[in-house]
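Reviewing the structure listed below.
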Amino acid sequence: MSFIRKFAQMGTAVSVAALLAVAPAAAKEFKIAVGDGAGGTQEALGKAFIEALEKETDGEHTGKLFLNGQLGSEQDTVNDAAIGLLDFSILAINNITPFSPTVGTLTLPYMILSLEDAVKLTQGPVGQELVENTVRDAGVRIIGWAYSGFRVLTNSKKPVETVADLQDLVIRVPKNEIMIATYQSWGVNPTPMAWSETFAGLQTGVVDGQDNPYITVYAMKFDEVQKYITNLRYLFSIEPLVISEAVFQDLSEEEQQAVLAAGQAATEFSEQYLRDQEAKIKEELVSRGMEITDPANDEQEFIDLATKAVWPQFYDSIGGIDKLNEALAEIGRDPVTE
Ligand code: MLT
């Protein structure tokens with residue numbers, strides 16, 4: 001017998017409002033915006049989250065993925081979630097940085113050198129502080145992390161091995177100051193463009209190239225419009241799952257715990273997903289005709305130019321040199337000095 005009928009049979013004079021206040025929460029289907037197409041890390045994270053959420057809530061709450069930027073460009077989804085128009089978004093970390101500058105710690109060129117570094121930085125104390133800063137600055141709460149691997153450079157024109165090879169290419173970058181500055185350190189003026197417009201930009205030749213992980217290149221079918229890949233390792237792509245803080249605060253304590261637990265389960269899944277998928281997807285892209293080049297001299301020229309010119313420009317915006325050194329210590333790297 002339902003709780004409400006039982007109350008009524010008892011003849012208790014209770015107002016509708018009081019009943020609603022104690023009635024069990026209504027089943028919810030959360031809207032989850034996803035920047036990438038099917039077959040990538042973002043979709044995998046989203047599916048794992050939905051499955052875990054259903055399990056945590058005994059099937060009461062679920063979610064629906066809207067792939068391929070159907071609910072707007074990744075940066076727009078942050079704005080929409082901040083004002084409670086959207087429940088969740090899965091997007092690349094570089095598209096959160098403009099709203100929460102300390103997250104830039106994770107997008108400094110050559111900061112993260114492996115999946116292990118990415119896991120430590122996101123799931124340890126540094127990551128926890130970035131989660132809190134993002135709630136404060138952007139109105140969204142990161143509740144899960146996906147890991148997509150290094151962003152490799154793709155282009156339609158020629159193999160790129162050196163910084164000199166880059167000079168006559170028009171490269172799309174996200175609207176992210178750190179990434180723009182990185183290309184500038186290599187002597188290139190990149191073209192900032194929303195993620196949702198990038199495929200069309202590459203297809204029509206407005207831009208010649210872009211960078212994103214192998215898994216993302218595959219999920220976005222960039223092999224249809226790009227031929228050459230360069231194994232750059234300047235940015236390890238992290239793709240958080242965020243919930244609107246307004247939506248989160250409207251949940252009961254129990255629902256919040258379920259959402260957080262499902263986010264954690266999805267994070268664990270994502271780590272394994274990258275390990276299982278990246279090599280296979282790389283092979284698949286080659287079989288579809290893409291050509292892979294390694295940067296000359298172990299990428300040293302790219303590394304030297306970017307770290308020297310870009311890091312100092314962003315010490316202040318990421319929270320100061322001490323914060324950066326905390327992050328470096330967490331992954332066993334030497335501190336930097338002014
Ligand atoms: C971007 O390049 O804007 C994003 O990293 C793409 C993505 O979310 O996969």
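As the structure is a prediction and not an experimental result, all values here were calculated from the model. Position 1 is the first residue of the sequence, and the numbers go up from there. In listed order, ligands and their atoms are each counted from 1.
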With sequence neighbours excluded, what pairs up with E283 under the salt bridge (Lys or Arg N to Asp or Glu O under 4.0 Å) test?
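E283 satisfies salt bridge (Lys or Arg N to Asp or Glu O under 4.0 Å) with no other residue.
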If we ignore angles and hydrogens, is there a donor and acceptor under 3.5 Å between the side chains of S148 and T41?
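There is such a pair (donor and acceptor under 3.5 Å, judged by atom type) between the side chains of S148 and T41.
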Atom of D36, atom of M220 and distance for their closest heavy-atom approach:
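Shortest heavy-atom separation between D36 and M220 comes out as CA-SD, 3.6 Å.
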With a 4.0 angstrom cut-off on heavy atoms, strictly below it, pick out the residues next to ligand 1 and order them by chain and number.
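Within 4.0 Å of ligand 1, protein side: D36, Q42, E74, A92, N94, N95, R151, R172, P174, W195, N212, T216, E239.
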Between F88 and F49, ring centroids under 6.0 Å
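So the answer is yes for these two rings.
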Check residues 305-314 and write down every donor-acceptor pair under 3.5 Å in which the side-chain atom is one partner and the other belongs to a residue at least two apart or another chain.
from, atom 1, to, atom 2, distance (Å)
T307, OG1, I303, O, 2.7
W311, NE1, P109, O, 2.8
Q313, NE2, A309, O, 3.0

Set of residues satisfying ring-ring contact (aromatic ring centres under 6.0 Å, His included) with respect to Y214, sequence neighbours excluded
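Result, ring-ring contact (aromatic ring centres under 6.0 Å, His included) vs Y214: none returned.
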